[in-house]
Amino acid sequence: MYDFAAEPGNNELTVSEGEIITITNPIITEGAKDGISCGNSLADQAFFDSLSSNTAQTNSAAKSSNQASFANDPWSSWNVGKSGNWDNGNAVDSWATKPESAAGQRNSASNNWEAAAAFGHPQAYQGPAAADDDDWDDDWDDPKSASPSYLGYKETEASEAGGIQRGNSRAAAMKLPLNKFPGFAKPGMEQYLLAKQLAKPKEKIPIIIGDYGPMWVYPTSTFDCVVADPKKGSKMYGLKSYIEYQLTCTNTNRSVNHRYKHFDWLYERLLVKFGLAIPIPSLPDKQVTGRFEEEFIKMRMERLQAWMTRMCRHPVVSESEVFQQFLNFRDEKEWKTGKRKAEKDETVGVMIFSTMEPEAPDLDMVEIEQKCDAVGRFTKAMDDGVKELLTVGHEHWKRCTGPLPKEYQKIGKALQSLALVFSTSGYQGESDLNGAITEAGKTYEEIASLVADQPKKDLHFLMETNHEYKGFLGCFPDIIAAHKGAIERVKESDKLVATSKITPQDKQNMVKRVSTMAYALQAEMNHFHSNRIYDYNSVIRLYLEQQAQFYETIAQKLRQALSRFPMM
């Protein structure tokens, strides 16, 4: 109904008008023993019933309007006018997000956080007992989860009503229990900027000055993680089924097994820990129906592979304890110990900057603000460009797999029909011509098949890369909001010094810590740019090579058809 700005230290959430807040645990119930009431319960219930009714009508209208737009291709669900936190329709511009809300806005609405405290062991090697795995919730199959509509997988009624893709749900509803993650539950930016003395964490993240400016320190040897060998498993005497993937690190050649929800756990841990400094893109979307169909499993494995490769390529994420533990645990006890340790980690949220040590002098506040604005402008512009390419690619995919092949088929059938008519003339001297026309018609039918299959050979990879970067870019509004919030607090520090609320030394500490944040942002952008240049060079080269081969194949077929026509 209205915007609400949280007060630091009160475990409040900043929310904006139009956002939907989902209550996952009732805090005050009717007839509570302590006698606390919440006004007129009947009136309140009537109000919420009407609100639920309006929401249901809105979702129903959205479902019916969107249903016709979904086509048999992987990209239709990405083309719904949302891109991370950049464009939320009538919602408040994500660039105006208040700093206190930066952490909260990052959390996916499609995750069932009610079971966050009772995760079990991901079934590595032979797997734990069934009762242990039951500690996990039932696959987190939230009926509101979006269902990708590629390769014949269409949106179910439930998923359409939910209506929010996993990667686009950052501004929807926050289900993260704040008391579970101290870096988010305590006062936000002030916890880091105004602490008299920061605790010295065991982990250190150095930032050095390289040829292109601040950069993370890259490990001497890199590694990747191969996601392969999906297998269907079951528990509860076969009542619950799931797909388990084998992960093999290239540097150790050891394998562990994980289910999708285990990847989801890792994603949430990385997001909570690094999310205000490093963009952590969302995992592939969840699926309500068809989870065990071969094409879906293949596509999900491909996207999990891409996500894991991204994480392995990041020098900070790949070396983090939680990531290494996810890949290298040896037995159930080691996994549980590491999992509990990760969930109790207090170096999360804004406190991740306390682990960073730039090997450079402090930056000037004017320079800090300029660099932050430059990052904001570039990432916003790139997001627009990526979104445009996804839209154009989506339309091209639909045309190549729909109307265009049909046009070639019509030409082919028309030519063959004409040859059939000619053959009824009884004239003896036209058999060669009729045969050539028939073959030309068949050639156009072959071209129709080539056109329909081609997007899977070139456009697919271009679209996948753009979708990955759309996920990255959707993280930057929250990152920029955190940095701008810190800059604003430093700007206000003169007033606080003048009123003796903080000391000049406190202000000096604030400037130093904001400088550390600025170095981290620049280091991350240098990593982002180097990956961006490599990725787009590779994928566009592949696209052009495949396109050239495609048209050369068509030209060859047309020349063969032409050679059958007699010279007159």
Side-chain angles (χ1 to χ4, degrees), residues 75 78 83-84 86 167 205-225 250 270 274-275 277-282 302-303 305-319 323 356 358 360 367 370-393 396 457-480 483 518-548:
W75 321 114
W78 294 353
S83 176
W86 298 97
I205 303 176
I207 301 173
I208 61 175
I209 305 300
D211 294 338
Y212 298 98
M215 58 181 291
W216 306 118
V217 175
Y218 287 79
T220 54
S221 61
T222 59
F223 70 94
D224 199 356
C225 176
T250 57
L270 295 177
F274 298 112
I278 297 170
I280 307 294
S282 296
E302 180 182 331
R303 291 178 175 174
Q305 175 69 73
W307 190 86
M308 288 299 298
T309 296
R310 291 286 177 192
M311 298 300 102
C312 290
R313 282 165 62 175
H314 198 287
V316 175
V317 174
S318 64
E319 295 295 305
F323 191 74
M356 298 178 182
E367 183 181 6
Q370 289 174 345
K371 290 183 180 297
C372 182
D373 290 340
V375 170
R377 286 192 300 270
F378 174 81
T379 50
K380 178 63 171 73
M382 182 176 173
D383 183 75
D384 292 338
V386 165
K387 191 160 53 177
E388 180 181 6
L389 188 52
L390 282 172
T391 300
V392 172
H396 185 60
K457 299 178 181 179
D458 49 29
L459 184 58
H460 168 78
F461 301 102
L462 182 60
M463 296 288 279
E464 287 286 343
T465 298
N466 271 275
H467 182 53
E468 286 184 59
Y469 273 90
K470 181 182 176 184
F472 277 116
L473 294 163
C475 300
F476 275 102
D478 290 340
I479 293 174
I480 298 299
H483 284 262
Y519 276 119
L521 181 61
Q522 293 176 58
E524 182 55 35
M525 287 308 297
N526 281 331
H527 174 78
F528 179 84
H529 288 316
S530 64
N531 277 269
R532 172 180 58 84
I533 292 169
Y534 174 84
D535 291 335
Y536 277 92
N537 179 68
S538 300
V539 76
I540 294 177
R541 278 182 60 89
L542 173 65
Y543 181 78
L544 295 177
E545 289 170 356
Q546 290 293 322
Q547 282 280 291

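Residues passing the ring pair (Phe, Tyr, Trp, His ring centres under 6.0 Å) test with Tyr469, sequence neighbours excluded: Phe472, Phe528, Tyr536. Looking at residues two or more places apart in sequence or on another chain, you find a side-chain contact (heavy atoms from CB on, under 4.5 Å) between Leu389 and Leu462, Asn466. Partners of Glu367 according to the salt bridge (charged side-chain N to carboxylate O under 4.0 Å, His left out) rule, which considers only residues two or more places apart in sequence or in another chain, are Lys371. Applying the ring pair (Phe, Tyr, Trp, His ring centres under 6.0 Å) test to Tyr543 and every residue at least two apart in sequence or in another chain returns nothing. Phe378 meets the ring pair (Phe, Tyr, Trp, His ring centres under 6.0 Å) test with His529; sequence neighbours excluded. When the side-chain contact (heavy atoms from CB on, under 4.5 Å) test is applied to Met215, the partners found at least two apart in sequence or on another chain are Ile208, Tyr218. For Glu545, the salt bridge (charged side-chain N to carboxylate O under 4.0 Å, His left out) partners at least two apart in sequence or on another chain are Arg541. Applying the salt bridge (charged side-chain N to carboxylate O under 4.0 Å, His left out) rule to Asp224 yields no partners; only residues at least two apart in sequence or on another chain are considered. With sequence neighbours left out, His396 forms a ring pair (Phe, Tyr, Trp, His ring centres under 6.0 Å) with no residue at all. Looking at residues two or more places apart in sequence or on another chain, you find a side-chain contact (heavy atoms from CB on, under 4.5 Å) between Ala374 and Arg377. Partners of Ala277 under the side-chain contact (heavy atoms from CB on, under 4.5 Å) rule, at least two apart in sequence or in another chain, are Ile352, Phe353, Met356. Looking at residues two or more places apart in sequence or on another chain, you find a salt bridge (charged side-chain N to carboxylate O under 4.0 Å, His left out) between Arg310 and Glu468, Asp535.
For the pair Cys225 and Thr309, the minimum side-chain heavy-atom distance is 4.5 Å or more. Residues Ser318 and Met308 are not in side-chain contact: their nearest non-hydrogen atoms beyond the backbone lie 4.5 Å or more apart.
The neighbour count for Glu388 CD, taken as heavy atoms of other residues, nucleotides or ligands under 6.0 Å away, does not exceed 12. Sparse packing is recorded around OH of Tyr534, with 12 or fewer heavy atoms of other residues, nucleotides or ligands lying under 6.0 Å away.
The backbone N or O of Tyr519 lies less than 3.5 Å from no partner atom in the side chain of Glu524, so there is not a single donor-acceptor pair. Between the Asp383 side chain and the Thr379 main chain, no donor and acceptor come within less than 3.5 Å of each other.
Minimum interatomic distance between Pro315 and Trp216 (heavy atoms only, all atoms of both residues): CG-CB, 3.6 Å. Across Leu270 and Ile280, no two heavy atoms sit closer than the pair O-CG1, 3.9 Å. Counting all heavy atoms, side chain and backbone alike, His527 lies closest to Arg313 at CE1-O, 3.3 Å. Between Leu459 and Gly393, the shortest heavy-atom distance links the atoms CD2-O, 3.5 Å. Minimum interatomic distance between Asn526 and Tyr212 (heavy atoms only, all atoms of both residues): ND2-O, 3.2 Å. The heavy-atom pair separating Leu390 from His467 by the smallest distance is CD2-N, 4.2 Å.
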Inset, instruction - Kindly indicate, with the supporting measurements, whether the criterion side chain to side chain donor-acceptor pair (under 3.5 Å) is fulfilled by Gln546 and His460. - result: CA-CA 11 Å; Gln546 290 293 322; His460 168 78; over 6 Å; no
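To the nearest 0.5 Å, atoms CD1 (Ile278) and CE (Met311) are separated by 9.0 Å. Thr391 OG1 to Lys387 NZ: the interatomic distance, rounded to the nearest 0.5 Å, is 8.0 Å. The distance from atom OG of Ser282 to atom NZ of Lys470, rounded to the nearest 0.5 Å, is 11.0 Å.
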